[in-house]
Amino acid sequence: MPVALGFIEALEQAYTHIGRHPATGSPRYAHELNLPGIHFRRLARYPHLVFYIERNDHIDVWRVLHGRRDIPAWLQESDENESPDRK
């Protein structure tokens with residue numbers, strides 16, 4: 001299987017798992033960055049993380065980032081650009 005298709009499959013599997021069990025993601029960065037409710041899940045076989053927040057009626061996926069990025073910097077940038085009506 002080409003790498004791109006494998007990545008998409010791993011991403012779809014992560015989205016399915018997050019949709020069914022959103023509370024199972026790690027809240028590690030929520031505490032570190034003071035972003036209550038943000039969780040992440042690692043992709044199977046890839047060094048990427050899916051960051052998301054569970055809402056009352058849906059899941060907001062914020063970012064899919066390589067695990068070796070400066071995660072706090074990327075998430076702070078995302079939080080600063082988030083519109084007030086979505087928080």
Side-chain angles (χ1 to χ4, degrees):
M1 174 182 308
V3 174
L5 293 179
F7 181 81
I8 291 169
E9 183 178 315
L11 193 57
E12 288 175 346
Q13 289 173 356
Y15 287 162
T16 298
H17 181 87
I18 290 166
R20 291 180 182 157
H21 310 286
T24 61
S26 173
R28 174 183 167 201
Y29 293 103
H31 303 295
E32 185 176 335
L33 297 171
N34 194 27
L35 292 172
I38 197 158
H39 289 80
F40 75 89
R41 178 167 178 79
R42 293 187 184 279
L43 292 187
R45 301 179 314 276
Y46 294 89
H48 292 79
L49 310 173
V50 177
F51 289 87
Y52 63 94
I53 292 182
E54 181 180 6
R55 304 292 185 187
N56 289 334
D57 60 346
H58 66 280
I59 305 290
D60 275 339
V61 174
W62 275 27
R63 299 255 176 140
V64 177
L65 297 174
H66 193 284
R68 292 199 177 160
R69 293 263 186 200
D70 182 357
I71 302 296
W74 279 86
L75 289 177
Q76 284 176 334
E77 177 184 314
S78 178
D79 186 44
E80 291 168 2
N81 294 329
E82 187 74 13
S83 64
D85 60 327
R86 290 194 63 196
K87 288 188 177 184

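We number each residue from 1, following the sequence as shown.
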Near D57 CG, under 6.0 Å, is it more than 12 heavy atoms from other residues, nucleotides or ligands?
yes
Sorted by chain and residue number, the side-chain hydrogen bond (donor to acceptor under 3.5 Å, both in side chains) partners of T16 (sequence neighbours excluded) come out as none
Exercise. Take the angle between the ring planes of H48 and H66 and call it parallel below 30°, perpendicular above 60°, tilted in between.
Key: perpendicular
Between the CG atom in L49 and the CH2 atom in W62, the distance rounded to the nearest 0.5 Å is 15.0 Å
Distance col, row L43:CG vs R41:CZ, nearest 0.5 angstrom, shows 9.0 Å
Applying side-chain hydrogen bond (donor to acceptor under 3.5 Å, both in side chains) to Q13 and not counting sequence neighbours gives E9
Nearest heavy-atom approach of A30 to G37 is CB-N, 4.4 Å
Taken to the nearest 0.5 Å, the spacing of L65 CG from F40 CZ works out to 11.0 Å
Sorted by chain and number, sequence neighbours left out, ring-ring contact (aromatic ring centres under 6.0 Å, His included) with Y52 holds for H39
Next on the checklist: Could you check whether any side-chain heavy atom of V64 comes within less than 4.5 Å of a side-chain heavy atom of L11, counting everything from C-beta outward?
Outcome noted: yes
For Y46, the ring-ring contact (aromatic ring centres under 6.0 Å, His included) test, sequence neighbours excluded, returns F7
Rounded to the nearest 0.5 Å, the CD atom of E54 sits from the CD1 atom of I38 at a distance of 13.0 Å
Sorted by chain and number, sequence neighbours left out, side-chain contact (heavy atoms from CB on, under 4.5 Å) with H21 holds for H17, T24
